[in-house]
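For reference, the structure discussed in these notes is given below.
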Amino acid sequence: MKTFITARIDALEVDRLKAHGFAVELGGFGATGVKLEQTQLLNKFADIDVAIIEFENITEDILRAAKKLKIVACLRNEPAASIDIEAASRLNIPVLFTPGRNAVAVAEHTIGLMLSIARSIATTHHLLRYTDELTEVSYSDKAGDRKGVTSEWSMDPGAPFQRFQGEELMGKTVGLVGAGFIGQEIARRASALGMRLIAFDPYANKNQLSDLNIDLVDLDKLAQESDFVVMAAKVTPESTGVFSAKAFSQMKKSAYFINTARAALVDYEALYRVLSENKIAGAALYVYPVEPLPSDSPLRKLSNVVLTPHLAGATTGVVKHHSKMVVDDLLLIKAGKIPNRVANPKIMDEFMKKGGLN
């Protein structure tokens, strides 16, 4: 069974495929770091049975030209970002995907951002590493006999100990906007830090969230009570712009805003206003309305933000997770069973009646 893989994939999972009769060829982004162009994909898809992709764009034209293609897998949370799922359904081609593949990675990054903004970790690192502001300075309590005391930097009012006094996470309230795979992983870690958990998610499983000690609330209550508002929702027509100027106006002055989901969920102009006017304590962001972040972005001029590139899901663990997920599902199909993660499940019965991957 000819299988073409352009996704980043773990070598051990490739071996599992080969052991079950899949003839594997690697190429594209996963092999070279460069996505294949449409003409290249048309040529490659012409004679394959299975495609496993990640970032290549699989259009209806490619799917229609792939006369032997039985199944395509997209190793992403949102397969529609890479595959025309409606076209695949019309052609009776199942689309496998890997929801939650990066949930742990994003959750850990989120906790890191929360700590960084609440404890001025990024700010003080920058000042100490790249400027002389904290080194080319003298303190009144570090002279004479006390000059050699190393148990404290300085207790002067302008010294780091007082200037950057932060907030502990324990006892604070995390408000999750979205409580799916990623939101729940964030909740597990925040709970371990002794934080209270609330969430706004109209589609959440209440019993599942109850097991994680997450209380469902409306968005107004979440904005008003949270010490850390954390965006963890998918972008849908209903969720686009969900955290609006109104929501920002309801936040505590001492609260922080964290976005490790998508920029489209948030009114970034309103976010900039509340940050620049010090109406909230700060923000930590890794997604932006324009990416890469433009050099003239006003966010770069604020001292109460932590900014990282869009890399919360960039871990080697993500590759291992999504590789195992997709191979597990392909082997289930090979064994005549229904896979666990299908983006167009309505076509599976007909697909299996026609022999599946056999």
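Bear in mind the structure is a predicted one, so any value in this text is a computation, not a measurement. Quick note: numbers below take in every heavy atom, side chains included, and nothing from hydrogens, waters or symmetry partners.
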With sequence neighbours excluded, tell me which residues meet side-chain hydrogen bond (donor to acceptor under 3.5 Å, both in side chains) with E78.
none
Residues 298-306, side-chain donor-acceptor partners within the protein, below 3.5 Å, at least two apart:
residue, atom, partner, partner atom, Å
R300, NH1, S295, O, 2.8
N304, ND2, L275, O, 3.1

Using ring-ring contact (aromatic ring centres under 6.0 Å, His included) as the criterion, list what pairs up with F228, not counting sequence neighbours.
Y256
Any Lys/Arg nitrogen of R163 or E133 sitting under 4.0 Å from an Asp/Glu carboxylate oxygen of the other?
yes
Checking K354 now: which residues fulfil side-chain contact (heavy atoms from CB on, under 4.5 Å) with it, not counting sequence neighbours?
N92, E350
All ring-ring contact (aromatic ring centres under 6.0 Å, His included) counterparts of F55, not counting sequence neighbours
F29
State whether a side-chain donor-acceptor pair under 3.5 Å links T59 with D84.
no
Set of salt bridge (Lys or Arg N to Asp or Glu O under 4.0 Å) partners for R273, sequence neighbours left out:
none
Would you say the side chains of T236 and E238 form a donor-acceptor pair under 3.5 Å?
yes
Applying ring-ring contact (aromatic ring centres under 6.0 Å, His included), name anything that partners H20, two or more places apart in sequence or on another chain.
none
Any luck finding a side-chain donor-acceptor pair between D10 and S323 under 3.5 Å?
no
Show me the side-chain donor-acceptor pairs of residues 330-340 shorter than 3.5 Å, one per line, residues at least two apart or across chains.
none

For a quick test of your reading: what N or O donor-acceptor pairs under 3.5 Å do the side chains of residues 98-111 make, sequence neighbours left out?
residue, atom, partner, partner atom, Å
T98, OG1, R76, N, 3.1
T98, OG1, R76, O, 3.4
R101, NE, L75, O, 3.4
R101, NH1, E54, OE2, 2.9
R101, NH1, L75, O, 2.7
R101, NH1, H322, ND1, 3.0
N102, OD1, N77, ND2, 2.7
H109, NE2, T308, OG1, 3.4
T110, OG1, V106, O, 2.7
T110, OG1, T260, OG1, 2.7

Please identify each residue that fulfils side-chain hydrogen bond (donor to acceptor under 3.5 Å, both in side chains) with R341, with sequence neighbours left out.
D329
Any side-chain donor-acceptor pair under 3.5 Å between D267 and Y272?
no
Using a 4.5 Å cut-off on heavy atoms from C-beta on, say whether the side chain of F161 contacts that of E152.
no
Pairs involving residues 279-299, ordered by first then second residue, that meet salt bridge (Lys or Arg N to Asp or Glu O under 4.0 Å) (sequence neighbours left out):
E277-K279
Return the orientation label for the F243 and F257 ring planes: parallel under 30°, perpendicular over 60°, tilted otherwise.
tilted
ring-ring contact (aromatic ring centres under 6.0 Å, His included) against H321, all qualifying residues, sequence neighbours excluded
none
Consider only side-chain N and O atoms of T6 and E56, and report whether a donor and an acceptor are under 3.5 Å apart.
yes
